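Scroll down for the structure; my scribbles are underneath it.
Worth saying up front: this structure is predicted, and the values here are computed from it rather than measured. By convention here, the first residue in the shown sequence is residue 1.
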Amino acid sequence: MEPTVEALSAVPARMIEGWNRGDAAAFVADFAEDAELVDFDGTVHKGRDTVIASQQPVFDTVLKGSRLVRGEVSFARVVGPGWGVVHHRFGMVMAGEEEPLPSRYFLQLFALVWQNDRWEVATLLNSRLVSLDAAMALDGQAAG
């Protein structure tokens, strides 16, 4: 494998495959051993093994049967020798659902490093895509 943009862009699709199988080890197979994952709520998980240990119980219970859908790499760039960045958008459906609810769309920001002859995730930031109207409505509920 070469450190190409195409190889960089393939990482999110492999993560989706792991998620959709409910397999935390497969979900983070492209993570560096010391990678960090920041959940959409701001929780930071440090290290691939920590991510697996925290994610697998969730796959086995509250997210059992959930799927990530409509994955799209909207930006991928090798930004320097051995470093790459990816923006990835997707939706999440729970078991039995066909379409993601509006609140279940996400954007991920990947920083990847070329090591061990492959792109490895150094850090991954997940954020929910929330419209300005929805954010203002939530703020209004909190103030009221």
Side-chain angles (χ1 to χ4, degrees), residues 1 3-79 83-144:
M1 184 184 299
T4 63
V5 170
E6 292 76 22
L8 190 67
S9 297
V11 171
R14 287 193 298 271
M15 290 182 66
I16 283 177
E17 290 171 8
W19 179 292
N20 291 350
R21 289 194 314 266
D23 182 343
F27 175 64
V28 298
D30 287 306
F31 277 43
E33 185 177 326
D34 61 347
E36 287 190 355
L37 169 69
V38 182
D39 281 337
F40 72 90
D41 66 356
T43 302
V44 179
H45 305 279
K46 295 181 182 235
R48 183 176 53 226
D49 291 341
T50 300
V51 175
I52 293 168
S54 65
Q55 194 68 39
Q56 192 61 57
V58 178
F59 281 161
D60 294 341
T61 58
V62 296
L63 292 178
K64 187 175 182 117
S66 67
R67 295 180 342 276
L68 303 184
V69 298
R70 297 187 183 159
E72 173 191 353
V73 171
S74 56
F75 176 87
R77 180 178 294 163
V78 177
V79 295
W83 285 97
V85 176
V86 171
H87 293 175
H88 177 246
R89 295 174 182 260
F90 65 92
M92 182 176 72
V93 294
M94 300 304 285
E97 295 178 345
E98 294 298 319
E99 292 294 322
L101 295 174
S103 65
R104 291 204 202 118
Y105 283 91
F106 299 85
L107 172 67
Q108 296 177 314
L109 172 61
F110 290 79
L112 298 104
V113 60
W114 182 260
Q115 59 189 19
N116 302 316
D117 202 33
R118 68 186 191 131
W119 286 112
E120 292 187 350
V121 177
T123 188
L124 171 58
L125 173 66
N126 287 302
S127 53
R128 267 188 210 254
L129 294 174
V130 178
S131 70
L132 181 57
D133 289 340
M136 290 174 65
L138 289 171
D139 289 347
Q141 290 176 0

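- Within the model, atoms CG of L125 and CD of Q108 stand 9.0 Å from one another, a figure rounded to the nearest 0.5 Å.
- If you take CG on L112 and CZ on R77, they are separated by 14.5 Å, rounding to the nearest 0.5 Å.
- The minimum heavy-atom distance linking G91 with P100 is given by the pair CA-CG, 4.0 Å.
- Taking each heavy atom of V78 and L8 in turn, the nearest pair found is N-CD2, 4.1 Å.
- Applying the ring pair (Phe, Tyr, Trp, His ring centres under 6.0 Å) rule to pairs touching residues 112-134 yields W114-W119, sequence neighbours excluded.
- Residue pairs that meet the salt bridge (charged side-chain N to carboxylate O under 4.0 Å, His left out) test with at least one member in residues 58-74, sequence neighbours left out, are R70-E99.
- If you take CG on L37 and CG on N126, they are separated by 5.5 Å, rounding to the nearest 0.5 Å.
- The heavy-atom pair separating V51 from S54 by the smallest distance is O-OG, 3.1 Å.
- Within 6.0 Å of CZ in R128 there are more than 12 heavy atoms belonging to other residues, nucleotides or ligands.
- Residues satisfying the side-chain contact (heavy atoms from CB on, under 4.5 Å) test with I16, not counting sequence neighbours, are N20, L68, H88.
- For M94, the CE atom is densely surrounded, since the number of other residues' heavy atoms within 6.0 Å is greater than 12.
- Note on residues 35-52: pairs passing salt bridge (charged side-chain N to carboxylate O under 4.0 Å, His left out), not counting sequence neighbours, are E36-K46.
- A search for salt bridge (charged side-chain N to carboxylate O under 4.0 Å, His left out) contacts involving E97 returns R104, not counting sequence neighbours.
- Pairs engaging residues 7-18 under the salt bridge (charged side-chain N to carboxylate O under 4.0 Å, His left out) rule: R14-D30 [sequence neighbours left out].
- Taking CG of L107 as the start and CZ of R89 as the end, the distance is 5.0 Å to the nearest 0.5 Å.
- Taking both residues in full, the closest heavy atoms of G22 and Q56 are given as O-NE2, 2.9 Å, listed atom of the first, atom of the second, then distance.
- With values rounded to the nearest 0.5 angstrom, L129 atom CG is found 12.0 Å from F40 atom CZ.
- Contact between A122 and W83 at its shortest, heavy atoms only, is CB-CZ3, 4.3 Å.
- Side chain of D23 to main chain of A25: a donor-acceptor pair is present (N/O by atom type, distance under 3.5 Å, no hydrogens or angles).
- The shortest distance between side-chain heavy atoms of P12 and V86 falls below 4.5 Å.
- For G71 against F90, the heavy-atom pair with the smallest separation is CA-CB, 4.0 Å.
- In this structure a side-chain-to-backbone donor-acceptor pair under 3.5 Å is missing from Q141 to M136.
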- prompt: When you look at M15 and F110, which way does the side chain to side chain contact (heavy atoms under 4.5 Å, CB included) test go after all the steps?
  reply: CA-CA 12 Å; M15 290 182 66; F110 290 79; 3.4 Å; yes
